[in-house]
Every structure is written in structure tokens, then in C-alpha cells.
Amino acid sequence: AKSEGRNTYYYYSDQLTAQARQRLVLESRLRQAIKKQQLRCYYQPQLDIKTGSIIGAELLLRWQDPELGFISPDLFIPLAESSGLIHLIGQQVLQQACIQGQAWLNEGLPPITLAVNVSVQQFGRGDLEQQVKMVLAESGFPARLLELEVTESALMLDEEKVVLTMQQLRETGVRLAIDDFGTGYSSLAYLQRLPLDILKVDRRFIANMTANTDDRQIAKAIIELGHTLRFEVLAEGVETAEQLALLQEMACDYYQGYYFSKAVPAEEFRRLLLQQQPA
Ligand code: C2E
Ligand code: CA
Ligand code: CA
Ligand code: CA
């Protein structure tokens, strides 16, 4: 039994070592990718449910490593968060959004909102407001066209601090969105204190909306809750016409999802915008 225990121990520790090594390799590749600006921002269109026109886009990072291939943000974002690299990445995405957004405005394209994901680490550090102000000033991009997405789980930081950070960000003129809504535990009293503009209903409620009555009722309740709190509501992960029709009935304001388009490179998004511009 004793030797078995030892074997188990060695096996376990070997595995940990392999995992740790893999992590280190990935982290150093990520560091390089950031330096060489190999992380690319893709744009997922956001649409007005009533009119069907594009009103914005969410920036989603894509990383194609020359050797490792495509690496999912679900893998490298947590790594970036635990290694501190998220601050560099977050800064790059924010800059990219404002520079690209301003370039499209200069071209005469219709003004749209660009939404950027903000990790809890960035949100909690205390210098986000300064960073946002600087990027806006340098790019000339109007604050009201920049939206910051904070996940509901990030709101679980110290309540007073969250409220203060949001108020400060709001004063810069940017819009604030709460991401993955419905997956956290924010109380109504708390939500009411937050200067939010928009709730993004988590796609897990949208996914089963047509098949599952509970999920449909939850989606409906979240939309109504958002409106009661005077927020706008966007449904994420809309994949079918059926889902869209239900959301229309529920008076949801906006949607994004594969039904219209996945996240696409800037040039392709620009073409989508041009297509809907009246000649
Ligand atoms: P998220 O912010 O919830 O982003 C939405 C995710 O849902 C994206 O996955 C998007 O491609 C996917 N999606 C969009 N429409 C559909 C649909 O109709 N059906 C399905 N099944 N999925 C859909 P992605 O791009 O893999 O990103 C995963 C997560 O990585 C994001 O979740 C976000 O938390 C994080 N992330 C991505 N880019 C950034 C970034 O620049 N900064 C930070 N902090 N996080 C990022
Ligand atoms: Ca998001
Ligand atoms: Ca989301
Ligand atoms: Ca997510």
C-alpha cells in the first residue's frame, strides 16, 4: 500500500510538472504575441432587434500562434488574468477600439458603439479611469461610443469600491455594460445603485429558450428586470430565427450572435457596415 501511495504521488507530481511546464510555455508565447501585436481584435456585430440595423460591435480577441495554432480566449484570457498580462492586453484592446472606431468615423461611416471586455483585475486596479481618459483623448474617439463590459462576477468585489469605480468611469462619458448577466448573484438593491447602461443576458438562457420553458421564463424575467431598472437589454448568443422572434416578443432591445454573424476581422465588419448604409 505504501509503494502504491508513492507511485500515486509520483504520477500526480509528474502530471503537475507537465501542466506547469505547458503553462509556462504558453505564458511566454503569449508575452511574445503581445509584444509583436499578434493578438487581433475581431468584431461581432450587435443589432437593434426592431430595425435589424447594426448599432455596434463587441471586440473579441483572436490569437493565432505560428507554432501552436489557434488558441481560444477561454484558454489564454484566464492565463493572462493570473499572470498579470491582462493589463497589457486590456490596454491594447482599448486602444485598438478607439483608434479603429475613430478611423471609421473619419471615413464617414455611421457612428456605432464599440464594446470592450474589461477583466476583473483591470476593473479592480484603480487606474482604469485614467487609462480610459488617456486613450479617448489620444484617439479622439467620442466617449459615448465606447462601452465597457464588466462581468456580473466582477461585481462581487467590495461593493463600495465597485460603485465608486463605476461612477468614475461613467463620468468620463463611456457606457457601462454588465456581461454574462444572470450567472452571478447581484441583488436588486445593488444593481439599482450601479450606473449601468445595458444588461447583456448570458447566452446560456438564450440557448435553451426555444426548448426549455424555464429558460424562456428566465430570459423574459431578466429582460423585464433590466427595463424596470431603466437599463437597455441585449441578448447574447442568438443563433436562430426562432430565438430572435421570441426576443422580439419580449421587447428585448438588441442582440448579437451567430444568427447574424460571428466575430469577424475589422475589414469584414466595415463591409457589413457599408452594406447597410443608405446609398
Ligand atoms: P464573452 O465576453 O461572453 O464573449 C462572447 C463569447 O460568445 C465569444 O467567445 C463569442 O465568440 C461567443 N459567441 C458569440 N455569439 C455566439 C453564438 O451565437 N453562439 C455561441 N455558442 N457563442 C457565441 P470567444 O470569442 O471565444 O470569447 C470567450 C471569452 O473570452 C469572452 O466571453 C470574454 O470573457 C473573453 N474575452 C475575449 N476577448 C477578450 C478581451 O479582449 N478582454 C477580456 N478581458 N476578455 C476577453
Ligand atoms: Ca463580453
Ligand atoms: Ca458574455
Ligand atoms: Ca463568458
Side-chain angles (χ1 to χ4, degrees), residues 30 33-34 37-47 54 56-64 70-98 100 113-125 128 131-132 135 146-155 175-184 196-210 215 219 222 226 233-244 246-247 252 254-266 268-269:
L30 182 57
I34 297 168
Q37 310 225 333
Q38 284 171 343
L39 298 179
R40 297 189 57 199
C41 288
Y42 274 44
Y43 296 77
Q44 184 172 42
Q46 300 179 325
L47 298 97
I54 300 174
E58 176 179 3
L59 277 76
L60 292 163
L61 275 172
R62 296 292 175 255
W63 178 21
Q64 179 82 36
F70 177 78
I71 299 155
S72 163
D74 282 328
L75 193 70
F76 73 81
I77 292 291
L79 180 68
E81 289 175 339
S82 62
S83 61
L85 289 172
I86 194 65
H87 297 290
L88 280 172
I89 292 179
Q91 170 81 11
Q92 280 188 3
V93 175
L94 210 52
Q95 263 166 353
Q96 179 68 46
C98 293
Q100 183 62 80
T113 306
L114 291 179
V116 166
N117 289 286
V118 171
S119 284
V120 57
Q121 287 82 358
Q122 297 170 267
F123 188 74
R125 202 164 76 161
L128 187 58
Q131 216 181 68
V132 166
V135 173
L146 181 65
E147 189 169 285
L148 303 180
E149 295 190 3
V150 183
T151 58
E152 191 182 13
S153 54
L155 304 185
R175 286 165 56 86
L176 295 173
I178 179 163
D179 200 3
D180 301 343
F181 190 76
T183 62
L196 293 168
D197 297 281
I198 183 160
L199 292 189
K200 299 189 73 179
V201 185
D202 193 79
R203 70 180 141 89
R204 83 182 60 175
F205 300 113
I206 310 302
N208 299 316
M209 219 168 74
T210 37
D215 279 13
I222 294 178
V233 182
L234 178 145
E236 290 192 288
V238 175
E239 295 183 351
T240 68
E242 219 180 337
Q243 290 165 347
L244 185 58
L246 276 174
L247 290 163
C252 186
Y254 311 111
Y255 79 98
Q256 66 185 83
Y258 297 164
Y259 177 67
F260 181 77
S261 171
K262 60 187 196 314
V264 295
E268 211 170 314
F269 179 71

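Atoms within each ligand, like the ligands themselves, are counted from 1 in listed order.
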Minimum non-hydrogen distance to atom 12 (C) of ligand 1, winning option of Tyr258, Phe76, Trp63: Tyr258
Structural part of Asn117 in contact with ligand 1, heavy atom criterion under 4.0 angstrom: both
Close N or O approach (Asp179, ligand 1; < 3.5 Å): yes
Heavy-atom pair of closest approach, residues Leu61 and Pro73: O-CG, 3.6 Å
Flag side-chain contact, heavy atom, 4.5 Å: Tyr255 against Phe260: yes
Sub-4.0 Å atoms of ligand 1 with respect to non-hydrogen atoms of Glu239: 17 (C), 18 (O), 19 (N), 20 (C), 21 (N)
Those atoms of ligand 1 less than 4.0 Å from some heavy atom in Val238: 18 (O)
Which of the ligand 1 atoms, numbered from 1, are nearer than 4.0 Å to a heavy atom of Gly257: 15 (N), 18 (O)
Minimal non-hydrogen separation, Ser261 against Val264, with atom names: OG-CG1, 3.7 Å
Metal proximity, Asn117 vs the Ca ion (ligand 2), N/O/S cut-off 3.0 Å: yes
pair Glu268-Tyr42: side-chain heavy atoms closer than 4.5 Å: no
Short N or O distance, Ser119 and ligand 1, threshold 3.5 Å exclusive: yes
Gln38 vs Gln64, side-chain hydrogen bond (donor to acceptor under 3.5 Å, both in side chains): CA-CA, chis, key distance, verdict: CA-CA 7 Å; Gln38 284 171 343; Gln64 179 82 36; over 6 Å; no
The Ca ion (ligand 2) reached by Asp180 (N, O or S, under 3.0 Å): no
Donor-acceptor side-chain pairing of Ser119 and Glu81 below 3.5 angstrom: yes
Selection from Leu39, Leu60, Asp202 by shortest heavy-atom distance to atom 10 (C) of ligand 1: Leu60
Ser72 N/O under 3.5 Å from ligand 1 N/O: no
Which of the ligand 1 atoms, numbered from 1, are nearer than 4.0 Å to a heavy atom of Gln44: 14 (C), 15 (N)
Contact atoms of ligand 1, heavy-atom distance to Glu58 under 4.0 Å: 2 (O), 4 (O)
Whether Asp202 has an N, O or S atom under 3.0 Å from the Ca ion (ligand 3): no
Which atom of Glu149 approaches the Ca ion (ligand 2) most closely (N/O/S): OE1
Short N or O distance, Tyr259 and ligand 1, threshold 3.5 Å exclusive: no
Exercise: do Gln256 and Gln46 side chains pair donor with acceptor under 3.5 Å: yes
Exam field: side chain Gln243 to backbone Glu239, donor-acceptor pair closer than 3.5 Å: yes
Proximity to ligand 1 by part of Leu61, non-hydrogen separation under 4.0 Å: both
Ligand 1 contacted by Arg62 (non-hydrogen, < 4.0 Å): yes
Glu147 vs Leu114 side-chain heavy atoms within contact, under 4.5 Å: no
Subset of ligand 1 atoms that lie under 4.0 Å from at least one heavy atom of Asp180: 3 (O)
Ile89 vs Ile34 side-chain heavy atoms within contact, under 4.5 Å: yes
Enumerated ligand 1 atoms positioned under 4.0 Å from heavy atoms of Pro73: 24 (P), 25 (O), 26 (O), 27 (O), 30 (O), 37 (C)
Aromatic ring pairing Phe269/Tyr43, orientation class (parallel under 30°, perpendicular over 60°, tilted between): parallel
Salt bridge present between Arg203 and Glu236 (N-O < 4.0 angstrom): no
Lys262 to ligand 1, any heavy atom closer than 4.0 Å: no
Ile178: which of Asp197, Leu196, Ile198, Val201 passes side chain to side chain contact (heavy atoms under 4.5 Å, CB included): Leu196
Degrees at the Ca ion (ligand 2) between the OD2 atom of Asp179 and the OE2 atom of Glu58, nearest 10°: 180°
